[in-house]
Amino acid sequence: MLSIRELSAWYGAVEALHGISLEVAEGERVALVGSNRAGKTTTLRAISGLVGRRAAELTYRGADLQHTNPYAIPALGIAHVPEGRQIFTGMSVIDNLLVGAYTHKQPVQRRERLDLVFSLFPRLAERRQQAGDTLSGGEQQMLAIGRALMASPSLLLLDEPSQGLAPRIVDEMYEALQRVAQTGVTILLVEQNVSLALDFASRAYVIENGRISLHGSSEELVNDERIRASYLGI
Amino acid sequence: MAVLQALVNGTLVGGVYALITVGLTLIFGVLEIVNFAQGEFLMVGMYVAYFSYVALHLDPMLSAVLAFGVLFGIGAVLERWLVRRVLHGPEISQIFLTVGISIALQNAALAFFGSDFHSVHVPYQTASLSLGPIPISVPYLLAFAWGAAINLLLYVFLVRTDFGRAMRAVAVNAVAATLSGINVSRVRMIAFAIGAGLAGLAGAVILPYAYVYPTIGLQYVVIMFTIAVLGGLGNVNGAVIGSLIVGITQALSALFLPSALQNLVVFALFVAVLMIKPSGLLGRSHAH
Amino acid sequence: MRHFTKLVAGVLALAMTFAGLAVPLAASAETTVTVGAVFPLTGSLAAFGKTSVQGLQLAAKEINDRGGIAALGGAKINLVVRDSTSDPADAANATARLIDDVHPIAVVGAYASSLSLTSSSVCERRGIPFLTMSFTDDLTNRGYKNTFQVVPKASVIGSKQLNYAVDIAKAAGDPLKNIAIVYENTAYGTSQAKGLQAEAEALHVHVALFEAYPHGLTDATPLVQKINASNAQVLFPISYFTDAVLMIRALAQSHSKVQIVGGAAGFVIPDFVQTLGSLTENIMSIDTSAYDQYGSFEKAYLAAYHTFAPHEAYENAVSLFAIAAALQKSRASTPAALRDALASLDVKGGAFSGMPGSGVKFDANGLNTDAYPVMVQWRNHNLVTIWPASGHGVQAAVWNGKTVK
Amino acid sequence: MRIDTLWGRRALLAAGAIALLCVPLLHLSDYTMRIATMTCVYVVAAAGWTLIGGYANQITLGQATMFGIGAYVSTMLFVHFHLSPWIGGPLGAIAAALAAAAIGFLVFRLWGAYFALVTLALAEMVRILVEYAQPITGGPQGISVPFVRNSVWLLQFPEAKDYYEIAALLVILALALARGVQFSPLGYRLRAIRDDEVAAKLAGIDVFRTKMIAFMLGAVLSALAGTLYAQITGFVDPDSVLSITLSVQLALYAIIGGAQVWWGPLAGAALLVPLGQAMTGSGSAAGAGLAKIVYGLLLVAIVVIQPLGIAGFVKDIRFRRRKPAAPSQAVTP
């Protein structure tokens with residue numbers, strides 16, 4: 001459903017991705033792993049149009065993302081949970097979620113999405129009137145994911161959901177993500193914690209210095225010597 | 001008694017100030033630029049009301065809606081063609097772009113409308129109601145009512161509607177807003193247009209007790225800035241509170257101090273507040 | 001990008017065009033006498049600059065229609081107008097440029113005192129006569145040889161404003177005891193208010209409120225509250241139009257019945273009655289010219305601009321009439337000769353009838369000693385002269401609703 | 001042609017300075033010389049703005065305060081104590097530097113728009129106080145500088161053009177200072193603050209002190225310009241030397257010329273002062289209004305196209321700089 005061929009991306013005049021190719025099929029869970037500054041976040045930002053990019057192919061369900069305005073991409077079914085959560089500070093939890101549902105105007109549908117988010121993250125329901133920036137880090141991450149889910153996405157781009165969170169919270173988060181995936185949402189996950197990522201995803205790409213260096217099923221990669229040495233510390 | 005009268009007057013004037021200032025605050029909140037042409041938008045609004053009165057005998061309280069529309073259009077065009085280009089540019093461009101627009105508007109008014117003073121004649125112009133022994137000016141009261149209504153409407157718009165929420169979202173985090181499917185450029189354009197429109201509306205509403213000529217904006221612009229910064233630039237509720245503080249301070253200080261020093265007190269208060277809280281009373285702190 | 005470069009090019013081209021327009025064609029010198037006019041046509045004083053120029057243009061037309069300056073072979077007045085802007089330094093620049101460009105025999109300007117002060121300095125240094133209807137005392141206190149003030153100076157206007165009011169009140173049987181003076185914080189306001197205050201002290205009138213306010217009010221209610229609290233019998237506001245309007249409306253809203261005696265400027269212009277309508281009824285003001293005595297000038301102005309002629313229009317016209325009279329008398333063809341002719345000028349009646357004293361005669365400092373202020377009053381949307389009672393064509397004053405005989 | 005050697009550049013600058021001093025040899029009209037003289041005054045005043053506003057990006061909208069202090073202090077000393085402006089001017093400059101220190105102490109922790117607006121408010125406070133202190137300052141009526149006699153010692157000459165050489169010397173002094181600062185360690189520190197204040201602080205720069213030095217130096221320049229202005233016009237009042245309009249104008253000259261380089265104020269004032277004068281020539285309000293619309297539009301066009309002003313255009317030409325072809329649309333927060 002998401003096809004990427006020869007994707008390059010720039011920050012200003014600096015090229016940060018050098019022609020990567022990547023496929024995500026309907027219903028899959030795919031991880032993109034690599035070290036710091038390897039280009040993982042840039043890949044997601046390039047898909048969402050937040051950085052300058054050029055590609056031989058960059059399509060989602062046949063729609064050409066290169067010729068779509070960044071703000072129109074969510075309406076195609078892609079929801080992006082950015083690195084560092086980026087919740088709307090000063091706005092309440094419920095307002096954050098409602099902004100997430102900006103492209104979905106029907107009240108009934110919104111009600112359903114809200115119920116779904118609150119059932120996935122009951123703690124958000126408790127704090128619905130609280131300002132977003134008064135939440136704990138884990139709650140903020142849940143809010144960011146919940147906000148993305150409000151748009152009823154078919155593809156969820158997740159950028160470092162475990163960053164800066166206590167292990168217990170991370171487990172809780174990934175349980176919730178499992179349930180999200182079970183509802184049929186395709187997931188492209190960027191994660192620095194490689195074992196966590198390979199655990200969750202069925203396939204993974206390894207990115208190094210802006211290029212894809214390896215890809216395969218999670219099982220293959222877990223057993224790959226290079227991966228074990230460089231990323232899993234075994 | 002005199003104090004009570006001053007409080008009443010100060011509150012009324014404060015309500016009017018809130019109406020005049022809220023547009024500036026909205027523009028700063030969403031686009032993070034200080035619009036130095038806001039006084040000229042007010043001036044154009046006054047001319048719209050004046051010409052509506054001359055040509056159509058429309059009361060400024062009604063032509064205020066028309067003034068809003070005209071300035072909304074002007075604001076949208078200016079944002080689309082000019083302001084947008086400096087939003088990511090250096091601060092200097094942001095400040096002096098709107099200074100340039102204000103010079104051009106002032107002199108356009110001079111060239112096309114002439115330098116004469118204009119005002120309107122409405123029956124309630126010098127009327128006043130009596131609240132016990134305290135007279136309350138009707139034109140101020142009407143302007144105050146408009147101010148209250150607009151601030152309430154704006155509040156409802158920002159809090160209860162999707163587009164208003166989107167506007168707040170853009171103000172806080174434009175990237176996350178884009179990722180939520182919000183057309184950030186369009187939201188900014190409309191925020192600028194609404195901000196300009198509100199200045200136009202305010203201009204119309206104050207016309208019954210004031211007058212218009214090309215450089216009238218200069219008389220209001222400093223007080224606008226003071227209030228907007230005092231309340232916290234970008235914070236709409238802050239603008240209301242700042243307006244009331246300035247209105248009441250002016251009225252009360254007039255009781256004890258020479259009128260010539262009236263604005264000195266306001267400025268001193270303004271500087272003092274910023275020394276204690278550099279982002280204004282209700283302003284959010286910026287990581288700049 | 002390219003289309004913006006074009007925009008800049010266009011803007012520059014336009015600017016150059018204006019710059020080009022500004023350079024006048026060399027005047028054919030034989031049959032014309034060039035007189036310069038420097039007035040604020042832009043900025044906050046633009047409205048008054050405009051009416052001043054209108055008055056001058058009508059005066060020039062009147063002189064030319066009557067065959068020009070007969071003594072100079074029917075030479076026509078060629079009036080060259082320049083924008084002083086509302087800034088004193090620019091007024092000086094504009095004057096210097098005017099002198100360089102067209103070599104006028106005299107300059108008339110610049111309405112506001114601050115502009116006239118710098119403009120007259122330039123004229124003094126170049127030896128060009130400068131005629132003005134600005135009020136400030138400074139203009140003729142500096143020992144300049146080339147500055148001529150056709151109107152009484154501010155301190156005199158201020159003292160007469162009170163003096164006449166005291167006389168009128170006495171005649172009405174309601175002696176003046178307690179007054180309020182509010183004045184704008186400008187050169188005009190402060191110098192006139194000082195004259196008023198000094199006169200009040202001399203006449204033992206109690207000043208219950210002596211208050212300066214910043215010019216360009218956005219709200220007059222605090223000021224009006226002070227006025228009301230002072231319980232003054234009479235209010236003497238010294239204000240330009242904009243503040244006068246706010247103040248009078250706010251006074252009406254507070255049900256104030258105080259008798260207003262304005263300090264000229266904003267109180268005696270067409271905009272005042274057009275804006276305030278019947279609120280102007282019985283408001284008095286000191287003034288430097290008598291509207292009901294303008295004669296043919298008044299009719300010509302009304303026909304051309306559909307309002308009565310404000311005092312600055314007439315008084316600037318008087319400056320030009322004085323120049324014409326001096327030229328006629330002396331056949332002067334140089335600024336220096338004109339200066340001497342002006343210094344010894346003594347004319348009465350005719351076009352000068354609208355000036356109280358109906359004449360122009362300058363003292364050593366260049367002050368018109370014939371002129372004195374008059375009190376005028378709004379009646380039924382018109383200004384009538386009411387004091388001094390001995391003057392020509394003076395009508396009865398109405399003091400606090402009571403007609404004074 | 002490019003002159004890249006150190007001595008070559010110095011020779012060029014010296015030639016420029018000499019050319020500036022030799023302008024009177026052209027025998028231009030009195031009016032033209034008057035405008036040339038006024039242009040020099042504004043170059044110096046705008047250079048004062050550039051040191052803080054341009055070099056450090058602390059956009060003050062209150063530079064008129066410094067100009068006004070220079071004009072008032074020297075004029076008051078001259079009128080009340082018959083003190084020559086040659087002494088009154090430096091005293092005014094010291095007073096302005098002290099005022100700058102006080103203002104800087106209050107405002108330097110504010111950022112961006114807040115900084116700009118607070119400097120504007122403080123400038124208005126100064127204007128109100130000067131108007132109120134009538135016995136000393138002459139209040140809103142201002143002070144007329146009496147013409148005593150033609151005298152170098154009293155800095156009094158009959159014509160504005162007679163001030164030209166002094167004004168030109170002051171320009172050379174001011175630009176030498178501005179250039180010196182630009183290429184000095186102080187200049188690097190100011191640039192670091194302009195680019196990123198937080199990073200500058202982390203790099204160990206005493207941000208407050210650096211801004212303060214630039215602000216005070218700038219105040220001295222603007223104040224000296226104010227002194228000269230008062231002598232030339234023979235009249236100071238709050239509206240002309242302490243107004244917001246003047247503050248904005250000084251900043252404009254610097255910005256249009258290029259706020260980040262020492263010669264920006266020169267380029268800006270040399271373009272805008274004569275242009276502004278040319279435009280006021282029209283004899284009708286509509287014409288004058290139309291001319292000033294052009295002025296406003298010119299400003300709009302320049303800040304939109306080239307925020308670095310004339311200096312930016314020159315840089316583009318000299319380096320034939322081409323922007324890298326932008327890839328498809330990107331959103332910046």
Side-chain angles (χ1 to χ4, degrees), chain A residues 12 41 44-45 47-51 68-107 110 129 131-133 140 143-153 156-159, chain B residues 25-26 28-30 32 80 84 87-90 154-191 231-239 277 279-288:
Chain A
T41 295
L44 295 193
R45 292 173 68 90
I47 295 169
S48 293
L50 297 181
V51 292
T68 309
N69 265 318
Y71 66 82
I73 288 176
L76 298 175
I78 300 179
H80 182 158
V81 182
E83 189 182 17
R85 294 135 204 170
Q86 309 281 349
I87 58 160
F88 300 114
T89 53
M91 291 173 72
S92 65
V93 167
I94 188 85
D95 277 354
N96 265 278
L97 294 175
L98 288 175
V99 171
Y102 186 71
T103 52
H104 282 72
K105 306 279 187 202
Q106 297 94 327
R110 278 191 175 182
Q129 294 303 340
D133 44 339
Q140 288 194 19
L143 179 56
I145 296 170
R147 181 179 65 193
L149 290 175
M150 288 301 290
S152 320
L156 193 58
L157 309 178
L158 282 165
D159 200 344
Chain B
T25 300
L26 183 72
F28 185 85
V30 181
E32 292 215 353
R80 177 70 187 76
R84 184 168 295 188
L87 281 184
H88 305 301
L154 192 65
Y155 180 79
V156 169
F157 167 72
L158 288 174
V159 170
R160 297 257 174 250
T161 69
D162 258 14
F163 201 79
R165 226 177 272 122
M167 215 167 258
R168 285 193 291 150
V170 170
V172 177
N173 189 328
V175 170
T178 306
L179 293 180
S180 298
I182 295 168
N183 184 344
V184 170
S185 300
R186 195 163 147 264
V187 167
R188 284 183 176 143
M189 179 169 94
I190 289 172
L233 267 173
N235 187 310
V236 172
N237 298 335
K277 192 164 184 301
S279 52
L281 285 177
L282 297 188
R284 54 174 197 266
S285 46
H286 282 265
H288 272 254

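Every chain is numbered from 1, with letters handed out A, B, ... down the list of sequences.
- In terms of heavy-atom pairs under 4.5 angstrom with chain B, the leader among L98(A), T103(A), D95(A) is D95(A).
- Partner V172(B) forms a side-chain contact (heavy atoms from CB on, under 4.5 Å) with one of V99(A), T89(A), N96(A) and no other, that one being T89(A).
- Crowding of R84(B) atom CZ: a count of heavy atoms from other residues, nucleotides or ligands under 6.0 Å exceeding 12.
- For the atom pair CG of L158(B) and CE of M91(A), the computed distance is 9.5 Å after rounding to the nearest 0.5 Å.
- A side-chain contact (heavy atoms from CB on, under 4.5 Å) with L179(B) holds for exactly one of R45(A), Q86(A), H80(A); it is H80(A).
- Across P74(A) and T178(B), no two heavy atoms sit closer than the pair CG-O, 3.8 Å.
- Shown here is F163(B), whose CZ atom has more than 12 heavy atoms of other residues, nucleotides or ligands within 6.0 Å.
- In this structure the side chain of L50(A) reaches within 4.5 angstrom of the side chain of V175(B), judged on heavy atoms.
- Counting all heavy atoms, side chain and backbone alike, Y102(A) lies closest to I182(B) at CD2-CG1, 3.5 Å.
- Pairing each heavy atom of N173(B) with each of I87(A), the nearest pair is ND2-O, 4.3 Å.
- In this structure, chain B has no heavy atom under 4.5 Å from any part of R85(A).
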